[in-house]
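In what follows, a structure is listed as structure tokens, so that the remarks can point back to it.
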Amino acid sequence: MNPTRPGAGWIEVITGPMFSGKSEELIRLLRRAAIARQRVEVFKPALDDRYSEGDIVSHSQWRVPCRLVERAEEIRTRLDPRTEVVGIDEAQFFDDALPAVCGHLANLGKRVIVAGLDMDYRGVPFGPLPVLLAVAEEVHKIHAICTSCGAPAAYTQRLIESDERVVVGASGVYEARCRRCHEPEGAPPASEPWLFPPGDDSDQKEEG
Ligand SMILES: [Zn+2]
């Protein structure tokens, strides 16, 4: 794998639940490219205002300057043509145009590194991520640690009730859970048959 070969366009996706270190991994790859004097630009959706504007800030407080955009198409139109490496964080909040935008940039020879949640708190594939995972040359699916039992965790558990799909915030509102300990709220929609119904394994959860 050598995605930094000049002119070799490429899409890679870093995905997993909250608290799995997606932003840290994105920042690590971007810093490594910047140290090699490659031109790096970073974008994220304008709606995520958890921390300061204009930076990607990981939970461990590493930060990288970035541009806030409303729509995926703005990444294409606002990108400096000289940029070689494009970072995109919180990709799950972008619209469905994001995979096409990433494909366009990769076709121009740019390395596109995308980080985002693969599933929402119910375990439902999130926004443009399912398509991005399919079209990417490389996928890093990383895990957190289940807060309940210590197993590798691929799910995000929401700890408060809300009608919104997204509740902004992290600690105290969400925690990472494994498949056994994850408890999706409400009934799974019929269109998402891979979701196990909540409660049908409740007698086994005590063991974890
Ligand atoms: Zn667990």
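A quick note: this is a predicted structure, and the numbers were derived from the prediction, not measured. Start at 1 and go down the list; that is how both ligands and their atoms are numbered.
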* Which residues satisfy the side chain to side chain donor-acceptor pair (under 3.5 Å) test with E74, sequence neighbours excluded? -> none

* Asked: With D80, which residues qualify under side chain to side chain donor-acceptor pair (under 3.5 Å), at least two apart?
  -> R82

* What protein N/O/S atoms are found closer than 2.8 Å to the Zn ion (ligand 1)? -> C146 SG, C149 SG, C178 SG, C181 SG

* Asked: Going by the angle between their ring planes, with limits at 30° and 60°, are Y155 and H182 parallel, tilted or perpendicular?
  -> parallel

* Return yes if a side-chain donor-acceptor contact under 3.5 Å exists between D120 and T156, otherwise no. => no

* Test side chain to side chain donor-acceptor pair (under 3.5 Å) applied to E70 - qualifying residues, sequence neighbours left out -> none

* Donor-acceptor pair between S148 and R177 side chains, under 3.5 angstrom -> yes

